Structures are given as C-alpha cells and as structure tokens.
*Asks:* 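Pasting a structure here, questions to come.
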Amino acid sequence: MKVVLVHDWLTNMGGAEKVLIYLAKLFPDAPIYTSVVNYAKIDPFFKTRKIIPTFLQGKKPYITNHKKYFPFMPLGFKCLKLEKCDVVISSSSSCAKMVKIPKGAIHVCYCHTPMRYAYFAREEYVSRLSKWIRPLANLLLKYMRYVDKKSNKHVDYFIANSNEVKRRIHEYYQREAITIFPGVEVDKFQASEKNEGYYLCLSRLVYYKRFDLAIKACNALKKRLIIVGGGEALNDLKEISGPTIEFVNHVSDEELINYFMNAKAFIFPAYEDFGIVPIEAMACGKPVIAFNKGGTLDTVIDNVTGIFFSEQSPQSVAEAIIKLENTSFNPFKIRQHALKFSVERFQKEILDFINNLPLKTK
C-alpha cells in the first residue's frame with residue numbers, strides 16, 4: 001500500500017510535528033508534502049526523509065515565519081502534485097487537507113483541530129490586531145472558512161486527536177470522526193518522587209496557552225514557577241512576573257526531563273486540542289493542574305492524576321494549587337495512567353485503521 005503524508009508546515013517542533021514523525025516512521029517510504037520548511041528548526045529525523053514543499057518555499061533554504069504565507073497556503077497545497085498512491089494522510093490544523101488528491105486515492109485527515117483562528121478563537125486572534133487591520137483579517141478568515149469547508153468533500157475519513165476535536169469536527173464541518181489519541185514518548189521518562197517545590201509550565205509561549213494565569217496565581221501565592229520555552233508572548237509574560245517566576249529557554253532533552261522529575265506539579269492553563277506535554281509530566285509521576293475543558297478531559301483524572309480548575313482565571317488556578325497541596329498523589333499510579341498514551345498504541349491504532357480501509361477502484 002502506497003502512502004503519502006501531508007503536513008501544514010515544518011518550521012518548528014510542536015506536538016503536531018511529533019505526531020508526523022510517528023506517522024513517518026510507521027510508513028517509512030512515504031514522502032512528506034508541506035507548505036514551507038525550516039530545516040534549522042525541525043527534528044534531524046526529517047533530513048532522512050523526502051520532503052516536498054509548495055511553491056511558497058521558492059529558493060529559500062529556510063522559512064522562519066510560516067504565518068505570513070497563510071493567505072496563500074490554500075493555493076500552495078492545491079498546486080502540489082502528489083505522487084500516485086493508495087492513501088493520503090493529511091496531518092492538519094490548517095490548510096494541509098486542502099491538497100489535491102490523486103485519482104483513486106483515499107484521503108484520511110488526522111485533524112489536530114479545525115482552524116483555531118478561523119472558528120472558535122477568531123475573536124481572540126483578531127482582537128490583538130490593529131483596528132485598521134481587523135476588517136481585512138475578518139475578510140481573510142471568512143475566506144479561509146469557505147475554502148476550508150469546501151475542501152472537506154475531498155476528505156474520505158476524519159480522525160480526531162481528542163474527543164474535544166471530534167466535537168469540533170461535528171460542529172464546524174458537520175462530519176463524523178473517530179478519535180485516536182496522539183502518541184507520547186512515555187518511555188523517555190520515569191516516575192519520580194523528587195520534589196524541589198516548584199511548579200512547571202512548558203510550551204511555546206503563545207497567547208492562547210494562557211501562561212499569564214499561572215504566573216498571576218503563583219505571584220499571588222508566592223509560589224515558585226519555572227516556565228520553559230520561548231515565543232511571541234515571552235516579553236509580555238515577563239512584564240507581569242514577580243520574583244518567584246523564572247524563565248528558561250533552549251534546554252536539552254536531559255535538562256527538560258530533570259525539570260519534570262524535580263517539579264512539584266505541572267500547570268496547564270490552556271483550552272487545548274489535546275495536550276502532549278501534560279502526559280509527559282504524568283509519565284514522570286507528576287500531577288497536572290489543568291483547565292477542565294478540551295483535550296485534558298481525555299488525559300487527566302481529577303484527584304487521581306491531577307486537579308482541574310473550572311475557569312480561566314488566576315483565582316481559579318490559585319484555588320487548584322491550594323487544593324493540590326492538600327491532596328496526596330501516587331507518582332507510580334500517575335505514570336501508569338500516562339503509559340496508555342504510548343507511541344506504540346498510537347501507531348497500532350492508525351495502522352489498524354489504514355489496513356481496514358476499503359481501497360477505491362482505480
């Protein structure tokens with residue numbers, strides 16, 4: 001069976017890019033098509049694979065900011081000429097599923113979420129723009145919603161990465177999906193009973209992750225908080241941080257594991273599609289303080305592997321911190337739960353699904 005992979009962009013390493021690696025390892029002969037590439041910022045694994053970008057790449061060896069190409073991505077993907085194949089798997093939260101499918105091929109979309117900025121988070125994104133730019137942005141997003149929904153007729157099957165995303169697919173696309181949780185490299189970690197008393201946040205520092213809530217809560221409670229990562233929200237987050245907040249960037253894998261293993265707990269304030277990092281924290285036996293909406297409802301068990309808070313407010317996060325400090329957790333039980341989200345389980349479920357597809361008659 002010939003498989004082709006399509007991904008939104010390869011300009012950084014996030015959860016979606018890790019999922020792409022696991023898919024690529026599952027189908028070692030599959031070429032990878034994408035909008036633009038920055039080889040300096042992605043995993044060395046991709047250098048071993050055939051990667052075909054759209055015309056948006058031009059002759060540039062590195063594209064550092066994929067966002068400025070966003071208005072042209074639908075055209076970029078439509079102009080890609082995919083190799084003849086049996087199955088196309090698009091890994092998409094943006095425009096990858098708009099790719100033109102070869103005749104006779106089945107299109108499976110592994111959906112990380114319908115476009116966040118075009119649907120449920122549109123107002124949040126537009127509100128950060130200049131008032132002069134907002135009307136143009138709203139027109140662009142209206143167009144994106146149109147071409148996004150139009151492309152759905154070329155998707156034969158949707159796989160959602162969480163039950164939250166399955167719900168969004170039904171709400172925005174009026175399509176059904178099955179849920180297959182992403183894989184997490186849980187074997188890289190081990191349960192730790194160490195506790196140096198600090199709370200931990202880890203991710204790209206973008207605004208929708210809502211690290212401001214964790215910072216304000218820890219400011220108020222005078223709790224030590226370490227934030228690992230970099231991104232567009234970094235300077236704004238530093239401005240609201242008190243003396244107990246520490247920022248760390250560019251850590252090695254070994255240093256990252258040490259941060260997990262020595263933390264008291266992990267704070268995850270985002271309304272997230274799924275959330276791989278909380279599972280990594282749980283694989284170290286650490287409880288997770290999480291917003292009780294979105295993908296974490298699939299991964300965190302309240303009072304067993306973590307504590308939920310009900311509102312995206314500093315007070316609600318602070319109350320969850322206080323509750324956590326008065327609750328006993330078993331790090332080995334937490335890790336056992338995290339093992340359910342292994343890469344091997346993800347790959348098996350994907351392979352079972354693909355192998356059972358009714359291939360089209362060519």
Side-chain angles (χ1 to χ4, degrees), residues 5-9 14-17 19-20 23 34-35 66-67 69-78 88-101 106-129 134-182 204 206-210 270-276 290-299 312 349-350 353:
L5 301 175
V6 187
H7 189 66
D8 289 321
W9 48 75
E17 287 68 42
V19 169
L20 180 62
L23 288 171
T34 191
S35 59
H66 63 266
K67 293 180 181 178
Y69 297 93
F70 174 59
F72 311 103
M73 283 185 183
L75 179 61
F77 278 109
K78 286 178 182 178
V88 175
I89 302 177
S90 59
S91 164
S92 184
S93 62
S94 186
C95 300
K97 70 181 178 68
M98 299 179 190
V99 72
K100 187 176 180 180
I101 306 301
I106 293 175
H107 183 186
V108 177
C109 176
Y110 188 83
C111 186
H112 303 282
T113 181
M115 285 186 197
R116 174 179 291 274
Y117 28 78
Y119 294 101
F120 57 96
R122 180 182 60 82
E123 292 183 5
E124 177 188 345
Y125 277 84
V126 173
S127 67
R128 295 201 189 96
L129 302 173
R134 290 175 194 172
L136 184 60
N138 277 318
L139 282 174
L140 172 62
L141 294 176
K142 183 177 181 180
Y143 166 73
M144 283 297 183
R145 287 193 297 275
Y146 169 74
V147 294
D148 182 48
K149 289 182 178 180
K150 188 177 179 181
S151 72
N152 288 339
K153 67 181 181 180
H154 301 297
V155 177
D156 296 295
Y157 301 95
F158 277 99
I159 301 176
N161 73 346
S162 70
N163 287 315
E164 168 67 20
V165 170
K166 179 179 179 178
R167 182 193 64 76
R168 293 178 195 169
I169 290 170
H170 185 269
E171 178 179 355
Y172 299 120
Y173 294 164
Q174 289 78 54
R175 292 285 298 272
E176 297 302 319
I178 68 162
T179 300
I180 296 179
F181 300 129
R204 289 178 296 114
V206 292
Y207 290 98
Y208 84 86
K209 300 285 188 179
R210 298 307 310 268
Y271 172 23
E272 192 59 276
D273 316 320
F274 177 70
I276 286 176
F291 183 40
N292 70 341
K293 191 174 181 181
T296 51
L297 292 176
D298 292 323
T299 60
Q312 282 187 307
E349 291 182 14
I350 289 289
F353 181 85

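Keep in mind that the numbers below use all heavy atoms, side chains included, and drop hydrogens, waters and symmetry copies. Note that the structure is a prediction, hence the values are computed from the model and not measured.
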*Asks:* If you look at every heavy atom in C111 and V165, which pair is closest and at what distance?
*Replies:*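 C111 and V165 have their closest heavy atoms at O-CG1, 3.5 Å.
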
*Asks:* Looking at CD1 of I89 and CD1 of I159, how far apart are the two atoms once the value is rounded to the nearest 0.5 Å?
*Replies:*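 Answer rounded to 0.5 Å: 7.0 Å.
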
*Asks:* When rounded to the nearest 0.5 angstrom, what distance separates CD1 in I180 from CZ in F353?
*Replies:*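 Answer rounded to 0.5 Å: 6.5 Å.
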
*Asks:* Applying side chain to side chain contact (heavy atoms under 4.5 Å, CB included), run through I106 and Y157 and close with a yes or a no.
*Replies:* CA-CA 8 Å; I106 293 175; Y157 301 95; 3.9 Å; yes

*Asks:* May I ask you to decide if N152's main-chain N or O and R175's side chain share a donor-acceptor pair within less than 3.5 Å?
*Replies:*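 Judged by distance alone, yes, a pair lies under 3.5 Å.
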
*Asks:* Taking all heavy atoms of D148 and all of S94, pick out the closest pair and write down the distance.
*Replies:* OD1-O, 4.0 Å

*Asks:* Report the residue from S90, S92, S151 that forms a side chain to side chain donor-acceptor pair (under 3.5 Å) with K97.
*Replies:* S151

*Asks:* Looking only at heavy atoms, what is the nearest atom pair of M98 and P74, with distance?
*Replies:* SD-CB, 3.6 Å

*Asks:* So does S93 get a backbone contact from the side chain of H112, meaning a donor-acceptor N/O pair under 3.5 Å?
*Replies:*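 Not at all, since once roles are kept as given, no pair shorter than 3.5 Å links the two residues.
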
*Asks:* May I ask you to check if R116 and Y208 form a cation-pi contact, with NZ or CZ under 6.0 angstrom from the six-membered ring centre and within 45° of the axis?
*Replies:* yes

*Asks:* Would you compute the distance between atom CG of N161 and atom OG1 of T179 and round it to the nearest 0.5 angstrom?
*Replies:*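 These two atoms lie 8.5 Å from each other.
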
*Asks:* Taking the six-membered ring for Trp, are F291 and Y271 parallel (under 30°), tilted (30 to 60°) or perpendicular (over 60°)?
*Replies:*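 Answer is perpendicular, since the angle exceeds 60°.
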
*Asks:* Could you please spell out the steps behind the side chain to side chain contact (heavy atoms under 4.5 Å, CB included) verdict for H170 and E176?
*Replies:* CA-CA 6 Å; H170 185 269; E176 297 302 319; 2.8 Å; yes

*Asks:* Looking only at atom types and distance, does a side-chain atom of N163 sit under 3.5 Å from a main-chain N or O of D298, one as donor and one as acceptor?
*Replies:*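 No, the answer is negative, given that no donor and acceptor are paired below the 3.5 Å cut-off.
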
*Asks:* Spell out, as yes or no, whether a donor-acceptor pair under 3.5 Å connects the side chain of Y172 to the backbone of M115.
*Replies:*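 No, the answer is negative, given that no donor and acceptor are paired below the 3.5 Å cut-off.
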
*Asks:* Output, in order, the C-alpha distance, side-chain angles, deciding distance and verdict of side chain to side chain contact (heavy atoms under 4.5 Å, CB included) for H154 and V99.
*Replies:* CA-CA 9 Å; H154 301 297; V99 72; over 6 Å; no

*Asks:* Check this for me: does any side-chain nitrogen of one of E272 and K209 sit under 4.0 Å from a carboxylate oxygen of the other?
*Replies:*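 Judged by the 4.0 Å cut-off on N to carboxylate O distance, E272 and K209 do form a salt bridge.
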
*Asks:* Count the heavy atoms of every other residue, nucleotide or ligand shown that sit under 6.0 Å from NZ of K78, and state whether that count exceeds 12.
*Replies:*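 Counting other residues, nucleotides and ligands, NZ of K78 exceeds 12 neighbours.
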
*Asks:* Does the cation-pi check pass for R168 over Y119, that is, NZ or CZ under 6.0 Å from the six-membered ring centre and within 45° of its axis?
*Replies:* no

*Asks:* Taking R167 first and then E164, would you say they form a salt bridge - that is, a charged N and a carboxylate O separated by under 4.0 Å?
*Replies:* yes

*Asks:* State whether the side chain of D8 and the backbone N or O of A96 hold a donor-acceptor pair below 3.5 Å, judged by distance alone.
*Replies:* yes

*Asks:* Tell me, do T113 and F120 make a side-chain contact under 4.5 Å, heavy atoms counted?
*Replies:* yes

*Asks:* Regarding H7 and S91, do their side chains bring together a donor and an acceptor under 3.5 Å, going by distance alone?
*Replies:*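 A donor-acceptor contact under 3.5 Å links the two side chains.
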
*Asks:* Over 60° means perpendicular and under 30° means parallel, so tell me whether Y146 and Y143 are parallel, tilted or perpendicular.
*Replies:* tilted

